[in-house]
Participant: 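Dropping a structure here in structure tokens format, bear with me for questions.
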There are 2 protein chains.
Amino acid sequence: MRPLIHPDVEDVPVEAILHALSDPVRVAIYADIVGQDCSQSCSAFLHLRDKAIPKSTLSQHFKILREAGLIRGERRGVEMHNTSRCAEIEQRYPGLISTIVNAHNIQLASEAKAAKKSVKKAARRAVLAV
Amino acid sequence: MRPLIHPDVEDVPVEAILHALSDPVRVAIYADIVGQDCSQSCSAFLHLRDKAIPKSTLSQHFKILREAGLIRGERRGVEMHNTSRCAEIEQRYPGLISTIVNAHNIQLASEAKAAKKSVKKAARRAVLAV
DNA sequence: TTCATTAGTTCGGAATTTATGAACTATTGC
DNA sequence: GCAATAGTTCATAAATTCCGAACTAATGAA
């Protein structure tokens, strides 16, 4: 097995970072890792496993996040420990990570709101249908 | 010819914005359009035409930027007038556009520096080779 | 040690996306 | 009308991404 690649943040073009975070599964994973304040983490993917994302795909996603300099992965025995490298990126591209994660959270919030509304609408329809 | 699509910013997921800006040609175009303060613009692409980017490809790039809600395109006679929709995006995702454009500029600056260095190195090599 | 289990990677081909030349549309000016 | 210009669309070639199957590497139990 090849060793994991962790590029110097200086060598990562912004496009690579944006590309890494332009996938819904990857932003979700990344926001999750950043969210738990760079501390513990067994693998942010257990709750994604349910969503039927095959592990080979997840492995690729983690690789892309790693090679965009976004996360650091360390083998801990049989499993992987992933931590965010936000401090390093902050140094090179100030504000980038926090605004993106923030935007992602805004989106999650508005999705949740929309879902609630559509439930209400469905309920209203159900009432009208009686 | 189909009419141009300009989605409501509310309907654009962050991923679409990040994806649109994860291409070197597109960030360059977009940074350029944002750069000229949402005012004039004939088409930010004249200087890219030199770089041998075919016009069908450029057309696609503009389409992707438009459909990510990043720019507004208006036909003005035979040509296109493109303006940034940064104010609308700022409202929904505060700071997102400015930090990304900023990061892009930081990268351009460091690339310019690296290029200068490598010129100096080449010059040094040339001297040593005499 | 050997076997089984768990976590993750790698490989290869299918599915999807992107790039681009050629043909087309729409507008302007002659 | 015709020619020129700016941009779009279409079809297909090229590049990416997805994902199942096979593999590796570490752990624990027998």
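Only heavy atoms go into these numbers, but all of them, side chains included; no hydrogens, no water, no symmetry mates. Quick caveat, the model's predicted, so the values are computed rather than measured. Every chain is numbered from 1, with letters handed out A, B, ... down the list of sequences.
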Participant: Below 4.0 angstrom, which residues in residues 70-78 of chain B have at least one non-hydrogen atom near DNA chain C?
Facilitator: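 Listed by number, they are B:Gly77, B:Val78.
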Participant: B:Ile33 versus B:Phe62: any side-chain heavy-atom pair under 4.5 Å?
Facilitator: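 Heavy-atom side-chain distance check passes, below 4.5 Å.
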Participant: Report yes if the side chains of A:Val27 and B:Val14 come closer than 4.5 Å at any heavy-atom pair, otherwise no.
Facilitator: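 Answer no - side chains too far apart.
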Participant: Enumerate the protein-to-nucleotides 11-17 of chain C contacts in which both atoms are nitrogen or oxygen and the separation is below 3.5 Å.
Facilitator:
residue, atom, partner, partner atom, Å
C:dC11, OP1, A:Arg2, NH2, 3.1

Participant: Do side-chain atoms of A:Ser59 reach the backbone of A:Ser56 as a donor and acceptor pair under 3.5 angstrom?
Facilitator: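 Not confirmed, A:Ser59 side chain does not pair with A:Ser56 backbone.
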Participant: Is any side-chain heavy atom of A:His19 less than 4.5 Å from a side-chain heavy atom of B:His19?
Facilitator: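 No, their side chains stay 4.5 Å or more apart.
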Participant: What closest approach, in Å, do A:Val9 and A:Gly69 show between heavy atoms, and which atom pair accounts for it?
Facilitator: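 For A:Val9 versus A:Gly69, the nearest heavy atoms are CG2-O, 4.5 Å.
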Participant: Using atom CG of B:Leu58 as one end and atom C1' of C:dG21 as the other, report the distance to the nearest whole Å.
Facilitator: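 Those two atoms, CG and C1', are 14 Å apart.
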Participant: Rounded to whole Å, please give me the gap between CE in A:Met1 and C1' in C:dT10.
Facilitator: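 From A:Met1 CE to C:dT10 C1': 8 Å.
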Participant: Distance check: side-chain N/O of B:Thr57 vs OP1/OP2 of C:dA19, anything under 4.0 Å?
Facilitator: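 No, no such contact exists.
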Participant: Return the value, rounded to whole Å, for the distance between atom CD1 of B:Ile64 and atom P of D:dT9.
Facilitator: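 Taking CD1 of B:Ile64 and P of D:dT9, I get 13 Å after rounding.
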Participant: Just the rounded figure in Å: distance from C1' of C:dT10 to CG of A:Leu4.
Facilitator: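 That distance rounds to 13 Å.
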Participant: In whole angstrom, give the distance that lies between atom CZ of B:Phe62 and atom P of C:dT20.
Facilitator: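 Rounded to the whole Å, the gap is 15 Å.
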Participant: Could you tell me which non-hydrogen atom of A:Ala68 sits nearest to which non-hydrogen atom of A:Ala16, and how far apart they are?
Facilitator: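 Residues A:Ala68 and A:Ala16, closest heavy atoms: CB-O, 3.8 Å.
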Participant: Which pair of non-hydrogen atoms, one from B:Glu15 and one from A:Asp23, has the smallest distance, and what is that distance?
Facilitator: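 The pair with the smallest heavy-atom distance is CG-C, 4.1 Å.
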Participant: Using whole Å, report how far NZ of A:Lys63 lies from C1' of C:dG8.
Facilitator: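 From A:Lys63 NZ to C:dG8 C1': 13 Å.
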Participant: Once you round it to whole Å, what is the distance between P of C:dT27 and CD of B:Glu79?
Facilitator: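 Distance check: B:Glu79 CD to C:dT27 P gives 14 Å.
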Participant: Donor-acceptor pairs under 3.5 Å, side chain of residues 87-106 of chain A to any protein atom, not counting sequence neighbours: which ones?
Facilitator:
residue, atom, partner, partner atom, Å
A:Glu88, OE1, A:Arg85, NE, 3.4
A:Glu88, OE1, A:Arg85, NH2, 2.8
A:Glu88, OE2, A:Arg72, NH2, 3.2
A:Glu88, OE2, A:Arg85, NE, 3.1
A:Glu90, OE1, A:Gly95, N, 3.0
A:Glu90, OE2, A:Gly95, N, 3.4
A:Arg92, NH1, A:Glu10, O, 2.9
A:Arg92, NH2, B:Ser110, OG, 2.5
A:Tyr93, OH, A:Val12, O, 3.1
A:Tyr93, OH, B:Gln107, OE1, 3.4
A:Ser98, OG, A:Gly95, O, 3.2
A:Thr99, OG1, A:Gly95, O, 2.8
A:Thr99, OG1, A:Leu96, O, 3.1
A:Thr99, OG1, B:Thr99, OG1, 2.9
A:Asn105, ND2, A:Val101, O, 3.4

Participant: Counting side-chain heavy atoms from C-beta on, which of C:dG21, D:dC19, C:dT25 comes nearest to A:Pro54?
Facilitator: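 Given the options C:dG21, D:dC19, C:dT25, the side chain of A:Pro54 is closest to D:dC19.
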Participant: Using whole Å, report how far CE of B:Met80 lies from C1' of D:dT5.
Facilitator: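 So the two atoms are 15 Å apart, to the nearest Å.
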Participant: Nearest to the side chain of B:His61, which nucleotide is it out of C:dA19, C:dT10, D:dT8?
Facilitator: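 Of the candidates, C:dA19 comes closest.
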Participant: Do A:Val34 and A:Leu70 come close enough that some side-chain heavy atom pair is under 4.5 Å?
Facilitator: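 Sidechains of A:Leu70 and A:Val34: no contact.
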